[in-house]
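Both backbone and side-chain heavy atoms feed into the values below; hydrogens, waters and symmetry mates do not. Numbered from 1 within each chain, the chains take letters A, B, ... in sequence-line order.
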Number of protein chains: 2
Amino acid sequence: MLAEPRRREILDLLRSRERPVGDLVERLRLTQPAVSKHLKVLREAGLVEVRHDAQRRWYRLRPEPLAEVDAWLAPYRRFWNERLDALERHLDAMPDEPDEGEEP
Amino acid sequence: MLAEPRRREILDLLRSRERPVGDLVERLRLTQPAVSKHLKVLREAGLVEVRHDAQRRWYRLRPEPLAEVDAWLAPYRRFWNERLDALERHLDAMPDEPDEGEEP
DNA sequence: CAGTAATATAACCAGACTAGAATATAAAGT
DNA sequence: ACTTTATATTCTAGTCTGGTTATATTACTG
C-alpha cells in the first residue's frame with residue numbers, strides 16, 4: 001500500500017493542497033487511468049477523499065489512517081530511542097574500548 | 001515492505017527479545033523457508049540483524065531504519081494534528097452546523 | 001566420518017498488482 | 001442534441017510476490 005512509490009508521491013503532493021486528477025497526472029508523468037486507479041486504492045484505504053466540482057474531482061488527504069500507522073510505529077519509536085540512548089551512554093562511558101561485535 | 005503482515009508480525013515478535021528462526025516458525029505457523037525468506041528481506045532492508053550461535057541464528061531488531069519511516073511520517077503527523085485540532089475547534093464553536101469543507 | 005539439527009537457497013507456481021490502450025460515463029458548453 | 005473536458009472503468013499483458021516442496025549448507029554429535 002504505502003510501499004507503492006507512486007502512491008507515496010500522490011500523498012506527498014496532496015499534503016500541500018487538494019488537487020484535481022489532471023494535476024496529479026501532469027506531475028507524476030503517468031497516464032490518467034493509472035492515476036485514477038491509484039486514487040481508487042487510496043480512497044478505499046481511506047487515505048484520501050474526493051470533492052466533486054463539475055467534471056473535476058478534487059482529491060485531498062485524510063489524516064486519520066496515517067495516524068494509525070503512526071500508532072503502530074509508536075512502540076518501535078520507544079524501542080529505538082532506548083537503544084540509541086544506550087549506545088550513546090556506552091560510547092560516552094568507554095571511549096576506547098574495542099568492539100565486541102560479530103560481523104560476518 | 002511493512003505492508004506485509006507476516007513481516008510486521010516478525011518485527012512485533014522481535015521487539016520483545018531476540019529469537020531464533022525456529023521460534024518464529026512456530027509462532028507464525030508458517031513453513032521454515034517462508035520465514036527465512038521474510039527474514040532475508042528484513043535483513044536486506046536493515047530492519048533486523050543476525051547473531052550466529054552454532055547452527056542457530058538469533059534475529060533481533062535494528063532501530064535505525066524505522067527511524068527513517070518515522071521521519072517520512074513526520075510531516076503527515078503535523079498535517080493531521082492541525083486538521084484534528086481544527087475539527088475540534090470547529091465542533092466546539094458550532095455544535096449544530098452541517099458539515100462542509102474548507103478551501104486553501 | 002556418518003548422522004542429525006537448524007537454517008538457507010533453488011525451482012516453481014498461483015494469485016495480486018501495475019501499467020497501458022480502448023472505452024464508458026458525467027457534466028458543461030455550444 | 002452534439003461536442004468537449006475531466007475522470008472512471010474494462011480488458012489485457014507483463015511483473016512481482018509469497019507460498020510450497022525439494023535440496024543444499026553449516027555446525028554440532030556420536
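Between the CD atom of A/Gln55 and the P atom of D/dT7 there is a distance of 8 Å, given to the nearest Å. Atom CE of B/Met1 is separated from atom P of D/dT17 by 11 Å (rounded to the nearest Å). Rounded to whole Å, the distance from CD on A/Glu4 to P on C/dT18 is 5 Å. Protein atom CG of B/Leu42 is 11 Å distant from nucleotide atom P of D/dG18, rounded to whole Å. Whole-Å rounding puts the B/Arg29 CZ to D/dT20 C1' distance at 17 Å. For the pair A/Leu24 CG and D/dA6 C1', the interatomic distance rounds to 13 Å; values are reported in whole Å. To the nearest angstrom, C1' of D/dT7 lies 15 Å from CG of A/Leu28. One interatomic measurement links the two molecules: NZ of B/Lys40 to P of D/dG19, which rounds to 16 Å at whole-angstrom precision.
Checking C/dA19, D/dT21, C/dT18 against every side-chain atom of B/Thr31, the shortest atom distance belongs to D/dT21. Of the listed nucleotides (C/dT7, D/dG18, C/dG20), C/dG20 has the atom at the smallest distance from the side chain of A/Leu30. When the nucleotides D/dT7, C/dG20, C/dA8 are ranked by their closest atom to the side chain of B/Tyr59, C/dA8 comes out on top. Closest to the side chain of B/Ala54, out of C/dA19, D/dA27, D/dT7, is D/dA27.
At distances below 3.5 Å, at least one donor-acceptor pair connects side-chain atoms of A/Asn81 with backbone N or O atoms of A/Arg77. Looking at A/Arg8, its side chain does come within 3.5 Å of a backbone N or O of A/Leu2 through a donor-acceptor pair. Proximity of a side-chain donor or acceptor of B/Tyr76 to a complementary backbone N or O of A/Arg15 within less than 3.5 Å is not detected. At least one donor-acceptor pair closer than 3.5 Å links the side chain of A/Arg19 to the backbone N or O of A/Leu13.
At a cut-off of 3.5 angstrom, counting only N and O atoms as typed in the model, there is no donor on one side facing an acceptor on the other between the side-chain of B/Lys37 and the base of D/dT17. Side-chain atoms of B/Gln32 come within donor-acceptor range of the base of C/dA8, with a qualifying N/O pair under 3.5 Å.
At the heavy-atom level, A/His52 lies nowhere under 4.0 Å from the strands shown. Nucleic acid contact class of A/Pro33 (heavy atoms, under 4.0 Å, all strands): base. Within the nucleic acid shown, A/Leu39 has no heavy atom closer than 4.0 Å to any nucleic acid atom.
Note on A/Val48: it does not cluster hydrophobically with A/Trp58, by side-chain heavy-atom contacts below 4.5 Å among ILVMFWY residues.
DNA chain D is contacted by both A/Ala34 and A/Arg56; A/Arg56 maps to the nucleotide lying nearer its 5′ end (nearest heavy atom per residue).
Here B/Arg7 reaches the OP1 or OP2 of D/dG18: one of its side-chain N or O atoms lies under 4.0 Å away.
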